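Since the model is a prediction, treat every value here as computed from it, not as a measurement. What you see below is based on every heavy atom in this structure, not just the backbone, and it leaves out hydrogens, waters and symmetry mates.
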Amino acid sequence: MFLLDGKPLSPDVAFTHNGVQYPANWLRLASPEERAAIGITEVPDPRPYDQRFQWGWTEGGQPIWKDHTQLVEQWTQQTRTTANTLLAPTDWIIIREADNGKPADPALKTWREDIRIAAGVKNAAIAATVDTQSLAGYITGADYPVWPVDPYAPVLVSDTGSADFDGVGATFNGGATGGAIL
């Protein structure tokens with residue numbers, strides 16, 4: 001990272017210093033001596049951190065964690081939003097059943113209930129965290145991002161395999177795809 005007067009300079013972005021305009025490619029083309037001559041120093045990039053859970057690092061290298069209570073509220077709401085987003089495309093099927101009695105697919109009803117249960121389990125796990133570190137561990141872990149699979153979602157097959165979807169054949173071979181009504 002390049003600094004000029006204590007402020008970072010972005011490569012490939014033009015800048016002005018002491019009334020002189022430098023083109024966007026100047027930092028890349030200038031020698032270290034030319035950069036030093038106008039006061040540009042190169043320092044290591046700052047240590048990365050997960051901005052969802054930290055504010056940064058102390059000078060001693062310890063993480064500065066965000067407020068746990070606020071994050072629990074935020075992630076609980078995000079989980080509810082995700083569940084609602086997953087359910088919204090099939091709401092019309094449930095409404096149709098209530099309006100005119102056309103039964104909804106039982107697999108769809110089961111999946112919708114599984115989504116609601118999964119959201120409840122995720123929110124309970126979020127609420128059970130005792131600090132921001134444990135919350136970050138849960139959110140970034142293997143369990144949080146997994147949701148029940150939509151019964152109408154396409155089935156993935158290997159790039160050399162094939163699958164049969166209710167009489168519609170799909171074959172994947174060497175990067176080419178083909179389909180046929182069987």
Side-chain angles (χ1 to χ4, degrees), residues 1 10-12 45-58 61-182:
M1 174 168 65
S10 299
D12 302 321
D45 287 335
R47 185 173 163 193
Y49 60 93
D50 192 337
Q51 295 181 6
R52 296 173 298 175
F53 305 104
Q54 290 176 250
W55 290 112
W57 303 98
T58 65
Q62 297 299 314
I64 303 169
W65 296 105
K66 291 185 176 182
D67 181 66
H68 179 253
T69 304
Q70 289 178 349
L71 288 175
V72 166
E73 290 174 20
Q74 174 188 332
W75 284 101
T76 298
Q77 184 57 44
Q78 178 60 49
T79 302
R80 288 184 184 128
T81 300
T82 300
N84 289 335
T85 301
L86 290 169
L87 293 172
T90 58
D91 284 348
W92 70 272
I93 298 170
I94 304 304
I95 293 169
R96 180 181 63 184
E97 181 178 55
D99 282 350
N100 67 17
K102 180 170 170 80
D105 181 359
L108 176 68
K109 287 181 170 183
T110 300
W111 172 74
R112 289 174 60 88
E113 184 60 23
D114 290 346
I115 291 292
R116 288 188 285 272
I117 290 168
V121 168
K122 291 173 191 304
N123 281 336
I126 290 168
T129 60
V130 295
D131 58 19
T132 302
Q133 282 177 280
S134 60
L135 176 63
Y138 175 66
I139 297 297
T140 60
D143 293 336
Y144 181 76
V146 178
W147 290 88
V149 177
D150 181 345
Y152 299 121
V155 177
L156 297 176
V157 295
S158 71
D159 59 352
T160 59
S162 64
D164 185 24
F165 310 106
D166 296 330
V168 178
T171 305
F172 301 89
N173 191 356
T177 59
I181 307 283
L182 301 177

Within the 4.5 Å heavy-atom criterion, are [X] and [Y] side-chain neighbours or not?
| X | Y | value |
| --- | --- | --- |
| I93 | D105 | no |
| Y49 | P63 | no |
| K66 | F53 | no |
| W65 | L71 | no |
| T132 | Q54 | no |
| K102 | R96 | yes |

Minimum heavy-atom separation for [X] and [Y], please, with both atom names.
| X | Y | result |
| --- | --- | --- |
| A119 | W147 | N-CZ3, 3.8 Å |
| P46 | M1 | CD-CE, 3.8 Å |
| A107 | P151 | O-CG, 3.9 Å |

Are side-chain N/O atoms of D131 and S134 paired as donor and acceptor at under 3.5 Å?
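Distance-only check passes for D131 and S134.
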Any donor-acceptor N/O pair, [X] side chain to [Y] backbone, under 3.5 Å:
| X | Y | value |
| --- | --- | --- |
| E97 | A104 | yes |
| T76 | E73 | no |
| W111 | V149 | yes |
| K122 | W75 | no |

If you measure from [atom1] on [X] to [atom2] on [Y], what distance do you get to the nearest 0.5 Å?
| X | Y | atom1 | atom2 | value |
| --- | --- | --- | --- | --- |
| D150 | T90 | CG | OG1 | 7.0 Å |
| T82 | R80 | OG1 | CZ | 12.0 Å |
| H68 | T129 | NE2 | OG1 | 3.0 Å |

Which donor-acceptor pairs under 3.5 Å do the side chains of residues 137-144 make with protein atoms, sequence neighbours left out?
residue, atom, partner, partner atom, Å
T140, OG1, A136, O, 2.6
Y144, OH, T79, OG1, 2.7

Among residues at least two apart in sequence or on other chains, which ones pass side-chain contact (heavy atoms from CB on, under 4.5 Å) with R116?
L87, R112, E113
Might you confirm whether atom CH2 of W55 has over 12 heavy atoms from other residues, nucleotides or ligands at distances under 6.0 Å?
no
